[in-house]
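One structure is given below, encoded as C-alpha coordinates.
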There are 2 protein chains.
Amino acid sequence: MARIPHETFDCAVGCSVEATLNLIGGKWKGVILYRLLAEQVLRFNELRRFLPNITQRMLTNQLRELERDGLVARKVYAEVPPKVEYRLTAHGQTLAPVIAALKQWGDAHIEDGTIKVPTEAG
Amino acid sequence: MARIPHETFDCAVGCSVEATLNLIGGKWKGVILYRLLAEQVLRFNELRRFLPNITQRMLTNQLRELERDGLVARKVYAEVPPKVEYRLTAHGQTLAPVIAALKQWGDAHIEDGTIKVPTEAG
DNA sequence: CGGCATCCGTGATGATACTG
DNA sequence: CAGTATCATCACGGATGCCG
(Lines give C-alpha, C1' and ligand atoms only; values in the text may rest on other atoms or scores of the structure.)
Protein backbone atom coordinates (compact mmCIF):
# COMPACT_ATOMS: atom_id res chain seq x y z
CA MET A 1 0.00 0.00 0.00
CA ALA A 2 1.03 3.51 -0.31
CA ARG A 3 2.56 4.95 2.76
CA ILE A 4 0.96 8.13 3.71
CA PRO A 5 2.82 10.19 6.26
CA HIS A 6 0.33 11.66 8.63
CA GLU A 7 1.57 15.17 8.44
CA THR A 8 2.23 15.24 4.76
CA PHE A 9 -0.73 16.64 3.03
CA ASP A 10 -1.28 18.77 0.06
CA CYS A 11 -3.85 18.91 -2.63
CA ALA A 12 -6.19 21.35 -4.18
CA VAL A 13 -9.94 21.29 -4.10
CA GLY A 14 -11.15 17.80 -3.47
CA CYS A 15 -8.82 17.47 -0.55
CA SER A 16 -11.61 16.43 1.69
CA VAL A 17 -11.46 13.11 -0.10
CA GLU A 18 -7.81 12.79 0.79
CA ALA A 19 -8.38 14.15 4.26
CA THR A 20 -10.75 11.30 4.89
CA LEU A 21 -8.45 8.78 3.29
CA ASN A 22 -5.65 9.98 5.48
CA LEU A 23 -7.65 9.00 8.52
CA ILE A 24 -8.94 5.64 7.41
CA GLY A 25 -6.38 4.73 4.78
CA GLY A 26 -3.88 3.11 7.08
CA LYS A 27 -2.96 -0.41 6.17
CA TRP A 28 -5.30 -1.98 8.71
CA LYS A 29 -7.58 0.84 9.69
CA GLY A 30 -10.34 -0.09 7.33
CA VAL A 31 -10.74 -3.52 8.88
CA ILE A 32 -10.31 -2.23 12.40
CA LEU A 33 -12.99 0.36 11.91
CA TYR A 34 -15.21 -2.13 10.20
CA ARG A 35 -14.91 -4.61 13.03
CA LEU A 36 -15.48 -2.02 15.69
CA LEU A 37 -18.49 -0.82 13.79
CA ALA A 38 -19.84 -4.35 13.77
CA GLU A 39 -18.84 -5.55 17.22
CA GLN A 40 -19.13 -2.28 19.11
CA VAL A 41 -16.51 -3.18 21.72
CA LEU A 42 -13.38 -5.23 21.29
CA ARG A 43 -10.38 -6.01 23.44
CA PHE A 44 -6.89 -5.92 22.09
CA ASN A 45 -6.57 -9.62 21.47
CA GLU A 46 -10.07 -9.91 20.13
CA LEU A 47 -9.17 -7.36 17.54
CA ARG A 48 -6.03 -9.28 16.84
CA ARG A 49 -7.98 -12.41 16.08
CA PHE A 50 -9.74 -10.56 13.31
CA LEU A 51 -6.44 -9.46 11.82
CA PRO A 52 -4.52 -12.72 11.57
CA ASN A 53 -1.45 -11.19 10.06
CA ILE A 54 -1.10 -7.98 11.91
CA THR A 55 1.77 -7.67 14.33
CA GLN A 56 1.22 -6.48 17.85
CA ARG A 57 3.22 -3.44 17.11
CA MET A 58 1.17 -2.46 14.13
CA LEU A 59 -2.12 -3.07 15.87
CA THR A 60 -1.04 -0.86 18.74
CA ASN A 61 0.20 1.65 16.26
CA GLN A 62 -2.94 1.83 14.19
CA LEU A 63 -5.11 1.97 17.28
CA ARG A 64 -3.09 4.85 18.63
CA GLU A 65 -3.45 6.74 15.43
CA LEU A 66 -7.16 6.15 15.35
CA GLU A 67 -7.29 7.26 18.95
CA ARG A 68 -5.25 10.34 18.22
CA ASP A 69 -7.59 11.17 15.38
CA GLY A 70 -10.52 10.90 17.73
CA LEU A 71 -12.12 7.99 15.96
CA VAL A 72 -11.50 5.31 18.54
CA ALA A 73 -11.73 5.38 22.32
CA ARG A 74 -9.48 3.31 24.53
CA LYS A 75 -10.66 2.20 27.93
CA VAL A 76 -8.20 0.69 30.35
CA TYR A 77 -9.36 -1.31 33.33
CA ALA A 78 -7.09 -1.25 36.35
CA GLU A 79 -7.17 -4.99 36.66
CA VAL A 80 -4.92 -7.97 36.68
CA PRO A 81 -4.60 -9.31 34.10
CA PRO A 82 -4.85 -6.09 32.15
CA LYS A 83 -7.95 -5.40 30.18
CA VAL A 84 -8.31 -2.79 27.51
CA GLU A 85 -11.36 -2.14 25.44
CA TYR A 86 -11.61 -0.32 22.18
CA ARG A 87 -14.70 1.21 20.74
CA LEU A 88 -15.62 3.90 18.27
CA THR A 89 -16.15 7.40 19.51
CA ALA A 90 -19.23 9.32 18.44
CA HIS A 91 -17.02 10.88 15.83
CA GLY A 92 -15.86 7.48 14.70
CA GLN A 93 -19.43 6.28 14.40
CA THR A 94 -20.08 8.94 11.80
CA LEU A 95 -17.77 7.01 9.51
CA ALA A 96 -20.34 4.27 9.24
CA PRO A 97 -21.70 5.40 5.86
CA VAL A 98 -18.19 5.75 4.51
CA ILE A 99 -17.11 2.31 5.62
CA ALA A 100 -20.38 0.95 4.33
CA ALA A 101 -19.74 2.50 0.94
CA LEU A 102 -16.24 1.04 0.83
CA LYS A 103 -17.50 -2.36 1.83
CA GLN A 104 -20.42 -2.33 -0.53
CA TRP A 105 -18.22 -1.43 -3.47
CA GLY A 106 -15.66 -4.01 -2.47
CA ASP A 107 -18.21 -6.75 -2.03
CA ALA A 108 -19.89 -6.00 -5.32
CA HIS A 109 -16.68 -6.06 -7.30
CA ILE A 110 -15.19 -9.01 -5.53
CA GLU A 111 -18.26 -10.95 -6.52
CA ASP A 112 -18.07 -10.11 -10.17
CA GLY A 113 -14.37 -10.78 -10.10
CA THR A 114 -13.39 -7.27 -11.02
CA ILE A 115 -11.12 -7.05 -8.01
CA LYS A 116 -9.37 -9.66 -5.96
CA VAL A 117 -8.58 -10.26 -2.35
CA PRO A 118 -5.65 -12.56 -1.69
CA THR A 119 -7.13 -15.61 -0.07
CA GLU A 120 -5.79 -15.45 3.39
CA ALA A 121 -8.56 -15.43 5.90
CA GLY A 122 -11.34 -13.66 4.14
CA MET B 1 -1.23 8.14 5.97
CA ALA B 2 -0.02 4.66 5.73
CA ARG B 3 1.48 3.49 2.55
CA ILE B 4 -0.39 0.66 1.04
CA PRO B 5 1.64 -1.78 -1.06
CA HIS B 6 -0.57 -3.12 -3.74
CA GLU B 7 0.25 -6.74 -3.34
CA THR B 8 0.28 -6.90 0.40
CA PHE B 9 -3.06 -7.98 1.62
CA ASP B 10 -4.38 -10.02 4.39
CA CYS B 11 -7.35 -9.70 6.62
CA ALA B 12 -10.34 -11.61 7.75
CA VAL B 13 -13.95 -10.84 7.04
CA GLY B 14 -14.36 -7.18 6.26
CA CYS B 15 -11.59 -7.37 3.75
CA SER B 16 -13.72 -5.84 1.11
CA VAL B 17 -13.24 -2.58 2.94
CA GLU B 18 -9.50 -3.00 2.68
CA ALA B 19 -9.74 -4.27 -0.85
CA THR B 20 -11.38 -1.04 -1.84
CA LEU B 21 -8.95 1.02 0.15
CA ASN B 22 -6.09 -0.74 -1.54
CA LEU B 23 -7.33 0.55 -4.84
CA ILE B 24 -8.14 4.12 -3.95
CA GLY B 25 -5.97 4.59 -0.87
CA GLY B 26 -2.83 5.66 -2.64
CA LYS B 27 -1.48 8.97 -1.53
CA TRP B 28 -2.94 10.90 -4.44
CA LYS B 29 -5.50 8.55 -5.87
CA GLY B 30 -8.40 10.04 -4.00
CA VAL B 31 -7.88 13.46 -5.53
CA ILE B 32 -7.11 12.04 -8.94
CA LEU B 33 -10.28 10.03 -8.97
CA TYR B 34 -12.25 12.91 -7.59
CA ARG B 35 -11.00 15.25 -10.27
CA LEU B 36 -11.60 12.78 -13.05
CA LEU B 37 -15.06 12.22 -11.71
CA ALA B 38 -15.68 15.94 -11.85
CA GLU B 39 -13.92 16.88 -15.06
CA GLN B 40 -14.49 13.71 -17.04
CA VAL B 41 -11.37 14.06 -19.15
CA LEU B 42 -8.02 15.49 -18.17
CA ARG B 43 -4.62 15.65 -19.77
CA PHE B 44 -1.47 14.88 -17.85
CA ASN B 45 -0.55 18.46 -17.11
CA GLU B 46 -4.11 19.43 -16.38
CA LEU B 47 -4.18 16.79 -13.72
CA ARG B 48 -0.89 18.09 -12.47
CA ARG B 49 -2.30 21.55 -12.00
CA PHE B 50 -4.83 20.11 -9.61
CA LEU B 51 -2.10 18.42 -7.59
CA PRO B 52 0.34 21.25 -6.96
CA ASN B 53 2.76 19.18 -4.95
CA ILE B 54 2.80 15.92 -6.81
CA THR B 55 5.93 15.08 -8.72
CA GLN B 56 5.79 14.02 -12.33
CA ARG B 57 7.02 10.66 -11.32
CA MET B 58 4.33 10.10 -8.74
CA LEU B 59 1.55 11.28 -11.01
CA THR B 60 2.67 8.87 -13.68
CA ASN B 61 2.98 6.20 -11.07
CA GLN B 62 -0.43 6.64 -9.55
CA LEU B 63 -2.06 6.88 -12.94
CA ARG B 64 -0.42 3.67 -14.03
CA GLU B 65 -1.68 1.89 -10.96
CA LEU B 66 -5.16 3.19 -11.47
CA GLU B 67 -4.90 2.09 -15.07
CA ARG B 68 -3.64 -1.32 -14.09
CA ASP B 69 -6.55 -1.68 -11.69
CA GLY B 70 -8.93 -0.86 -14.47
CA LEU B 71 -10.22 2.32 -12.93
CA VAL B 72 -8.67 4.79 -15.33
CA ALA B 73 -8.27 4.72 -19.10
CA ARG B 74 -5.34 6.30 -20.86
CA LYS B 75 -5.71 7.58 -24.37
CA VAL B 76 -2.64 8.53 -26.32
CA TYR B 77 -2.86 10.68 -29.43
CA ALA B 78 -0.19 10.15 -32.03
CA GLU B 79 0.52 13.83 -32.31
CA VAL B 80 3.23 16.36 -31.89
CA PRO B 81 3.34 17.67 -29.30
CA PRO B 82 2.18 14.57 -27.46
CA LYS B 83 -1.28 14.47 -26.03
CA VAL B 84 -2.58 12.01 -23.50
CA GLU B 85 -5.99 11.98 -21.98
CA TYR B 86 -7.11 10.29 -18.83
CA ARG B 87 -10.63 9.42 -17.93
CA LEU B 88 -12.44 6.97 -15.73
CA THR B 89 -13.41 3.61 -17.10
CA ALA B 90 -16.94 2.34 -16.60
CA HIS B 91 -15.54 0.42 -13.67
CA GLY B 92 -13.96 3.55 -12.31
CA GLN B 93 -17.22 5.41 -12.60
CA THR B 94 -18.81 2.99 -10.18
CA LEU B 95 -16.59 4.47 -7.52
CA ALA B 96 -18.62 7.66 -7.63
CA PRO B 97 -20.69 6.86 -4.54
CA VAL B 98 -17.58 5.86 -2.62
CA ILE B 99 -15.69 9.01 -3.48
CA ALA B 100 -18.81 11.00 -2.75
CA ALA B 101 -19.05 9.42 0.69
CA LEU B 102 -15.41 10.18 1.40
CA LYS B 103 -15.79 13.74 0.25
CA GLN B 104 -19.01 14.30 2.11
CA TRP B 105 -17.56 13.05 5.37
CA GLY B 106 -14.42 15.06 4.85
CA ASP B 107 -16.29 18.23 4.04
CA ALA B 108 -18.59 17.87 6.99
CA HIS B 109 -15.80 17.33 9.47
CA ILE B 110 -13.51 19.92 8.02
CA GLU B 111 -16.27 22.42 8.50
CA ASP B 112 -16.84 21.62 12.12
CA GLY B 113 -13.12 21.58 12.67
CA THR B 114 -12.99 17.94 13.66
CA ILE B 115 -10.34 17.24 11.07
CA LYS B 116 -7.83 19.45 9.40
CA VAL B 117 -6.34 19.85 6.00
CA PRO B 118 -2.98 21.61 5.87
CA THR B 119 -3.64 24.83 4.03
CA GLU B 120 -1.69 24.33 0.88
CA ALA B 121 -3.88 24.81 -2.07
CA GLY B 122 -7.21 23.73 -0.87
C1' DC C 1 -3.04 -9.54 28.85
C1' DG C 2 -1.65 -5.62 26.61
C1' DG C 3 1.57 -3.24 25.74
C1' DC C 4 6.46 -0.58 24.73
C1' DA C 5 11.50 -0.30 23.08
C1' DT C 6 14.86 -1.43 19.74
C1' DC C 7 16.96 -2.92 15.57
C1' DC C 8 16.42 -3.14 10.75
C1' DG C 9 14.87 -4.13 5.86
C1' DT C 10 12.03 -2.79 2.03
C1' DG C 11 9.72 -0.05 -0.71
C1' DA C 12 7.15 4.28 -1.37
C1' DT C 13 8.13 8.88 -2.24
C1' DG C 14 10.93 12.85 -3.63
C1' DA C 15 14.51 15.63 -6.47
C1' DT C 16 16.75 16.14 -10.48
C1' DA C 17 18.05 15.40 -15.15
C1' DC C 18 17.25 13.50 -19.69
C1' DT C 19 14.21 11.99 -23.90
C1' DG C 20 10.76 11.22 -27.87
C1' DC D 1 3.78 17.61 -23.59
C1' DA D 2 4.34 13.54 -21.36
C1' DG D 3 6.94 10.93 -19.76
C1' DT D 4 11.52 7.81 -18.24
C1' DA D 5 15.89 7.15 -15.58
C1' DT D 6 18.67 7.56 -11.63
C1' DC D 7 19.77 8.53 -7.04
C1' DA D 8 18.68 9.55 -2.23
C1' DT D 9 15.62 9.35 1.84
C1' DC D 10 12.82 7.90 5.34
C1' DA D 11 8.35 6.21 6.79
C1' DC D 12 6.21 1.98 7.14
C1' DG D 13 6.13 -2.14 8.97
C1' DG D 14 8.24 -6.81 10.61
C1' DA D 15 10.82 -9.42 14.35
C1' DT D 16 12.25 -9.86 18.80
C1' DG D 17 12.61 -9.07 23.69
C1' DC D 18 11.26 -6.86 28.09
C1' DC D 19 7.59 -4.87 31.40
C1' DG D 20 3.44 -3.78 34.54
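Computed over heavy atoms, backbone and side chain alike; hydrogens, waters and symmetry mates excluded. Chain letters run A, B, ... following the sequence lines, proteins first, then strands; residues in each count from 1. All figures in this text were calculated on a predicted structure; none of them were measured in a lab.
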Applying salt bridge (charged side-chain N to carboxylate O under 4.0 Å, His left out), name anything that partners A:E46, two or more places apart in sequence or on another chain. none

Looking at B:K29 and B:Q62, what are the two nearest heavy atoms and their distance? CG-OE1, 3.2 Å

Tell me whether B:R35 forms a cation-pi arrangement with B:F50, defined as NZ or CZ under 6.0 Å from the six-membered ring centre and within 45 degrees of its axis. yes

OP1 or OP2 of D:dG3 versus the side-chain N and O atoms of B:R64: is any pair under 4.0 Å? yes

Compare all side-chain heavy atoms of A:W28 with those of A:L59 and state whether any distance is below 4.5 angstrom. no

Please report, rounded to the nearest Å, how far the C1' atom of D:dA11 is from the CD atom of A:E65. 11 Å

Comparing B:M58 with A:L63, nearest DNA chain C nucleotide closer to 5' gives the residue A:L63

Give, ordered by number, those residues of residues 37-46 of chain B having at least one heavy-atom distance below 4.0 Å to an atom of DNA chain D; if nothing qualifies, reply none. B:R43, B:F44, B:N45

Can you check whether any acceptor in the base of C:dT13 is under 3.5 Å from a donor in the side chain of B:R57, or vice versa? yes

Not counting sequence neighbours, which residues clear side-chain hydrogen bond (donor to acceptor under 3.5 Å, both in side chains) with A:T114? List them please. A:D112

Which of C:dA5, D:dT4, C:dG14 is nearest the side chain of B:K27? It is C:dG14

For the side chain of A:Q56, starting at C-beta, report the closest nucleotide among D:dG14, D:dT4, C:dC4. C:dC4

Are OP1 or OP2 of D:dG3 and a side-chain N or O of B:Y86 less than 4.0 angstrom apart? yes

What's the angle between the local helix axes at either end of the helix from C:dC1-D:dG20 to C:dG20-D:dC1, using five pairs per end and rounding to 10 degrees? 50°

Just to be sure I understand the geometry, which residues of residues 72-84 of chain B put a non-hydrogen atom under 4.0 Å away from DNA chain C? B:P82

Would you indicate, yes or no, if D:dG14 has its OP1 or OP2 atom less than 4.0 angstrom from a side-chain nitrogen or oxygen of A:T55? yes

Specify the separation, in whole Å, of atom NZ of A:K29 and atom C1' of D:dC12. 12 Å

Tell me the closest heavy-atom pair linking B:E85 and B:Y77, and the distance in Å. OE1-OH, 3.0 Å

Quick one: closest heavy-atom pair of A:L88 and A:Q93, and the distance? O-NE2, 3.8 Å

Who passes side-chain hydrogen bond (donor to acceptor under 3.5 Å, both in side chains) against A:Q104, sequence neighbours left out? none

